[in-house]
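The block underneath contains the structure these notes are about, expressed in structure tokens.
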Amino acid sequence: MALLEVNDVSKIFPGVRALDQVSFTLQPGQVHALVGENGAGKSTLIKVLTGVYQPDGGELRYQDAPAQFGTPMDAQQAGISTIYQEVNLVPLMSVAQNLFLGREPRTGLGLIDRKRMDREAREILTGYGVTTDVRRQLGTLALGAQQMVALARAVMVDAKVVIMDEPTSSLEPREVQTLFGVIRDLHARGIGIVYVSHRLDELYQICDTVTILRDGKLVHTGKLAALERIKLVSLMLGRDMAEVRREGATAFSGAATGDTDAPPVLRVRELNSRHKLHDVSFDVRPGEVVGLGGLLGAGRSETIKAIGGAYHLDSGDIQVDGKDLKKPTPVRAVEFGIAVQPEDRKAEGIVPGLSVRENIALAVLPRVSRFGFVSDSKVNEIVDRYIKRLRIKASSPDQAVGDLSGGNQQKVLLARLLATDPKVLLLDEPTRGIDVGAKAEVQSLIDELAAEGLGVVLVSSDAEELVEGSGRVVVLRDGVVVGTLTGNRVTTEDLMATIATEATREH
Amino acid sequence: MSTETVAARPLADAAKIKAWLPKYGVYAAIVLLVVYNIFFTPYFATWSNLRIQLIQVAPIVIVALGMALVIGTEGIDLSVGSVMALAAAFIPLYLGYGVVAAILVALLAGVAVGLINGILVARVGLQPIVATLALFVGGRGLAVVISEGKLVDIRNQDFLYLGSGDLLGIPVLVWIAALLVLVVGFVVRRTVFGRRLLAIGGNRPAAELAGLPVKRVLITVYVACAVLASIAGLLSVARIQSSDASSVGLLIELSAITAVVVGGTPLTGGKVRVLGTVAGALLMQLVIATMIKHNLQPSTTEMVQAVIILIAVYVARERKTR
Amino acid sequence: MTMGLASEPSAIVVEDVRKAERTDRIVGTIQRQGALAVLIVVVLIALATFPNFRSLDNAATILVAAAPPMLIALGMTFVIITGGIDLSVGSLYVLGGVLAAWASQYGILAAFLLPLAVCGAIGVANGLLVAYTRMAPFIVTLAALLGARGLMRAISSEGSNTYLVQNDAFRKLGNGSFLDIGYQVWLVAALVVIGMVVLTRSRFGSSVYAVGGSEDAASLMGVPVRRTKVWVYVLSGLLAGLAGAINAAKLGSGVTVLGTGMELDAIAAVVIGGTLLTGGAGTIAGTIAGVLLLGVIQNLINQVGNVNSNWQQVISGTFLALVVVAQTYLVRLRRVT
Amino acid sequence: KSEDDGATASNTPASAGAQVVQSADPEAATCTLEQFGGTKFDLKTAKVGFSQSEKEANPFRIAETKSIKDEAAEQGITNLTTTNANSQFNKQISDVEQMIDSGVQLLVIAPLNSDGWDSVFAKASAKKVPIITIDRKINADPCKDYLTFIGSDFAEQGKRAADEMAKAMGNKGKVAILLGAPGNNVTTLRTSGFKDQIAKVAPDIQVVFEQTGNFAREEGQKVTEQLLQSNPDINGIYGENDEMALGAITALKGAGKKAGDVKVVSIDGTKGAVQAIVDGWASAVIESNPRFGPLAFETATKFLNGEPVGQDIIIEDRQYGTDNAKTDISSAY
Ligand SMILES: Nc1ncnc2c1ncn2[C@@H]1O[C@H](COP(=O)(O)OP(=O)(O)OP(=O)(O)O)[C@@H](O)[C@H]1O
Ligand SMILES: Nc1ncnc2c1ncn2[C@@H]1O[C@H](COP(=O)(O)OP(=O)(O)OP(=O)(O)O)[C@@H](O)[C@H]1O
Ligand SMILES: [Mg+2]
Ligand SMILES: [Mg+2]
């Protein structure tokens, strides 16, 4: 008996066949991995399953009966809970309101019983390791905590199917473990789970079945354990196994330590920002990749933004190539050769409505123009160069960036940074939410750039990526530097140990 | 296979029209209205008529250009009418020092208002509609205070030439408007400022992080909008040959916003359609002209305008992006 | 539910979180009560300066005058919280008044039902267009502003025909009072309280915040986004029509020369009251303070007396800017610390 | 206010162009203090309120407010409060109510609208505050709801404009009307008075075109430009105020017409319009006199002294034509 089943569904968007006669079956108690490159159609399939999109062809069956969900609400009421890819909660509403939206406990008069709602929310969230005041605005929580709220919300109801679209992309190891605990529990209760992730380790840890999509088509479905990792990747990419085998876990060639004698290109001293950063200091040498490690909320993003002039600092010194960057603003930071790639690509990175060309040239306009008039030839020169160098896949430089896949959006963003000829690159989660192929490209690019003499600061929640990519890792906790890993201590184990040691805050 | 191509054909045509309408719908509407008028309105297809419509639409076009820039940054400027009033109030006061002096003072008034709006929006961080509401309310009052409530007849022929003169058979007013359309079109397409403006409208946090001088660009946009409005104000004065701060530019903000939006510039920013804006203003002008020429009552005119705005915007609305 | 693993957060995080929470709450309070604070200060100064301001009659006059704008701003608050805007309210207000005056010949019930029906219907049209065609609310309701005014002119011989209220009970409602406070103030107060309960304590209210906070998220979370949007415009239309009706009752006729700029006043009041034009946040208490603030300023300018009308405008504009700027800074001050 | 705007305001001495009351019909209704039911008070020390309807942004309103203030000073009235509704009717209502609350004993009101004064009357009658309405009449009971109305007869102005138009056009041709702001009883009466009278005295004159110019010069100009284009055979333009007529004249000039080709008649009597007669562009201007101060306070004084005052005090409006424009232009405002 299948719990949820689609047969030969198709979904066509203008210009794209996002799903092409895909079939998919979920059994009760199954933890079903759904994998594929960026743009393979995973999210689209999920949205078809849950009533966000209506399929252009094919049949949907739920509990062995034909089904049709007009809205996400219908699917929810039928017992299909979903955590969509982007954290889809309402940031301005309270945590409790988000948790209960649409199913608030009510008093006899039909009014929302706020006390009960808050109390229950507190109880539920404690179970997920979120101990914040539930009356707080959700948006003030870290992404990971928000994701846990979304998870709690999805699992709270009496669901028969729980669908998770990349739930771990913004979670920390600790939280991932919480999530896995929840999944095992659901599995034990016979609930069907669809699990989408680009992190292969996770899939092998908790999934029993796998369905692989490529370019909107079904390429494989079956037991996961029976599928070799390399085979899985080669199916996803549609490439030869041998080719895949050569490349390894990440595309980093080795820890970039730079020239140990050279003076630092970036020198950060005693950054302080209320509640967030306390005396954060570190150096980055030319050619060196310095990783920033720590749990979510450790202050890594704040550190990066503060150096880039986009986060308020109460005190602190920043030097680029020996020159003092006083009162940093984004404009001055760019002038000093600092380029920041923000964590949230959609909200703070790309300008979705503008073309690839305009996005890449955005930060260097003065350099490609005379008397305020933009020179098309100069722009094209730069744009062509970076499209080639970063292998950006776009139908043309005039395509709107919003229409590209996540990985390519990320590359466009990197191209914009590189076009400014930076001395220091500050990368916050550069590979978040992009597929294996694109990830590898970005990683090797980071290597290349470091080799060319740039100083790189890398933030990543992927411990493996952090350790393999960085020559040195500065570990933060609660806005304090709690340790620095160098040389052969740059390992996942040491990273975890440093994060876990009880810090004594000195100030 | 063959059945598929046959079936796909009309589909493709429908899709083509769907893609075409948002872009060219306004122009199509203008054509329709002109055709209707040629058949049903006496003396419509004449040069003198074209001339009048162009003269009348010119000030609205000029204001709408500035409005389009502001809307491109995801803003809005309600104070344009008040700026026109301020410009009008200053003209007679300084005409004694010469036409150039008077024009400069009027433009300076625009700069001042634009700076205030821009600073309120960019530095203080007020929402544009509220920031400009203050000057919408206070600006006209100030203009009337400055002019002491007097309506002043303008007799300076050099100045009046701007409003009623001809150059190569085309009204000076129309030349000026056309020139400004070209300049704004060029600025939007070809200059650093134009691209920054669109980026800010498209994603302000991203523009900030990319190191664009966001505040400066925003302030400049509001100044440009106000200066364009003050140009419209002084041209209006030259055209009606008198300065009346209490009535010039009344409610023009709504006409300008309508022109911009009907012309296909979304209120959500990140995109500016300069020619569309001109077409939008022209369409509304033609609607009003048609109503007047057929001697219809204001009630009818207003209801027809409402319907046309809705149709135009419905047709031109953005396809949902991801 | 006790699922998953509870992990003890470190003491430092807890402390930090607490601090952040306190800040959050203060920010929220100021944002909500900023207008109230300004209102209190202004009223205190006025009480000390103008003897006539102190009279109960004057207070009653301010309240009565604020009644229709309050209703309109109430509806506008809902609309703005969903991230929309309703420019048609000024026109609906006049239209409602004209319809109420005309219908009063058929009794007091008709005098209420007709404007509610017509303005509600225009609200439905606004809502449907905004919700189902993705046209910008600004432009949809701008068209409705024109259309409703056209309709009002069409039924009043281009505005030259003023219908007189024919029903004494209806007229009484406009001018009578209970405990020295006009009936309409009581009516508006009751509706405002209902509005507050609906906004903060009903599922519809939650939906309104959710839609404004993040439309996509709301729809994925199963909030009936479109239905919510339609309803807020209906609500706004109904309240504007009702405001027109009670004003007609007070004036004893369906005056046609009203309402221009009323939508902007309402927006200003709502924004002064701390509601974000971007949607997702706002309170009715703030809106009340905003409406009263505008009313009190008007009253004060009159108390000073003999202020040239043009200076009055300059003063109102400046004051508006000051209040909004002050509020913004208050909020920011808290956020930085 | 809108029915009259004008050219450059001037500092004409108050005496020039003072209002003159039409010789009243002896049968006409009057009102006394006793009838009204008020109590006598001393005007000089009394609290007096004046509510202006529109911004003092045009000659008519400027002259009107100034006349009230000047005359109050002249009479030694020290406690005069003025408010201005900025064309917002609800504001005028609450302005007046607020003045009543603050204890004014006499009200002079320039109403924005003729209807909608119920709540004000309810308040005023409770305190027996006499109300003098000037320039526009309120539809209510004189000597009960309000004391008296002082002002012009707008329908009569329209009629006289029609007479002048008929004369200027030689009783035949096509005429266009530039209407005032819609929904305004000044517009309504000036239109109906004009059309009725034209039908009566010159049935060969056709009114072929009626469009609003909202009492504004620019709109008068725009509408005229359109109308000249679509109706090239127009011989006469009736502007319901001087401003629109002046706009029309600018349009006529722009269309290459010569002075006198199209006859222009308007109402108000501003300097600019009278000058247009002198220049040959306009044929006649009917005056609407804004100098209400002296008459208003004279009426109030009489009333407080117990003498009867008329319930409708209609002033004599002069008119300007080719014969007297040059000589009388100094008394235009
Ligand atoms: N609303 C939409 N309109 C047009 N095209 C779309 C839309 N949503 C998705 N697509 C396209 O459909 C394809 C499949 O997208 P989908 O989001 O399902 O991929 P995915 O497998 O979830 O990728 P990722 O791993 O990046 O999340 C892509 O080419 C995408 O560009
Ligand atoms: N599990 C949690 N529960 C409640 N609050 C949390 C949790 N995790 C983080 N926070 C709060 O979120 C805030 C900062 O999160 P933010 O994402 O900005 O930190 P970050 O160090 O930049 O994260 P990252 O390292 O992932 O970039 C902190 O103030 C912290 O109190
Ligand atoms: Mg996806
Ligand atoms: Mg972060």
Side-chain angles (χ1 to χ4, degrees), chain B residues 71 76 78-79 82 116 120 124-149 245-246 251 253-254 257-258 260-262 266-268 297-314 316-320 322, chain C residues 85 87-88 91 125 129 133-159 216 260-261 264-265 267-268 270-272 276-278 308-329 331-332:
Chain B
I71 288 178
I76 204 140
L78 296 181
S79 71
S82 297
I116 295 173
L120 286 179
V124 181
L126 295 189
Q127 312 199 45
I129 197 171
V130 195
T132 56
L133 187 61
L135 271 157
F136 167 80
V137 176
R140 187 173 296 275
L142 193 62
V144 182
V145 168
I146 289 168
S147 65
E148 296 170 28
S246 66
L251 291 182
E253 59 284 345
L254 292 186
I257 295 169
T258 307
V260 173
V261 176
V262 166
L267 284 170
T268 43
Q297 297 294 314
S299 56
T300 320
T301 311
E302 280 170 340
M303 289 190 281
V304 170
Q305 269 179 288
V307 171
I308 293 204
I309 293 175
L310 287 179
I311 294 176
V313 177
Y314 178 80
R317 91 210 123 108
E318 287 281 275
R319 273 182 302 129
K320 194 169 183 175
R322 277 175 294 145
Chain C
I85 202 156
L87 299 181
S88 68
S91 293
L129 286 171
T133 67
R134 299 189 310 274
M135 287 157 80
F138 192 98
I139 208 74
V140 168
T141 57
L142 178 63
L145 176 158
L146 284 170
R149 202 167 56 198
L151 186 59
M152 180 277 290
R153 292 209 168 129
I155 60 173
S156 63
S157 331
E158 297 309 313
D216 291 344
T260 37
L264 293 178
D265 285 349
I267 294 168
V270 171
V271 171
I272 289 174
L276 295 179
L277 274 175
T278 40
N308 174 294
S309 53
N310 303 307
W311 278 114
Q312 285 188 21
Q313 301 264 272
V314 180
I315 295 168
S316 308
T318 314
F319 199 90
L320 183 65
L322 287 182
V323 169
V324 187
V325 171
Q327 233 218 328
T328 312
Y329 273 111
V331 173
R332 192 158 324 153

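So you know, we letter chains A, B, ... as the sequences are listed, proteins then strands, and number each from 1. Keep in mind it's a predicted model, so treat the numbers as computed, not measured.
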Report which part of [X] has an atom under 4.5 Å of a heavy atom belonging to chain B: side chain, backbone, both, or neither.
X       : result
A321(C) : both
I155(C) : neither
L129(C) : side chain

Under 4.5 Å from a heavy atom of chain C, the part of [X] involved:
X       : value
L120(B) : side chain
L135(B) : neither
Q127(B) : side chain
L251(B) : neither

Heavy-atom check, side chain of [X] versus side chain of [Y], under 4.5 Å:
X       : Y       : value
L133(B) : L320(C) : yes
M135(C) : L310(B) : yes
I129(B) : I85(C)  : yes

How many angstroms lie between OG1 in T260(C) and CG in D265(C), if you round to the nearest 0.5 Å?
9.5 Å
Got a second to check how far I315(C)'s CD1 is from L142(B)'s CG, nearest 0.5 Å?
11.5 Å
Option that, when pairs with chain C are counted at under 4.5 Å, heavy atom only, ranks first among T258(B), I309(B), V145(B):
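Answer, by heavy-atom pair count under 4.5 Å with chain C: V145(B).
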Using distance only, find each side-chain donor-acceptor pair of residues 140-149 of chain C under 3.5 Å and give its atom names and separation, not counting sequence neighbours.
{"residue": "T141(C)", "atom": "OG1", "partner": "L87(C)", "partner atom": "N", "Å": "3.0"}
{"residue": "T141(C)", "atom": "OG1", "partner": "P137(C)", "partner atom": "O", "Å": "2.7"}
{"residue": "T141(C)", "atom": "OG1", "partner": "F138(C)", "partner atom": "O", "Å": "3.4"}
{"residue": "R149(C)", "atom": "NE", "partner": "E302(B)", "partner atom": "OE2", "Å": "3.0"}
{"residue": "R149(C)", "atom": "NH2", "partner": "E302(B)", "partner atom": "OE2", "Å": "3.1"}

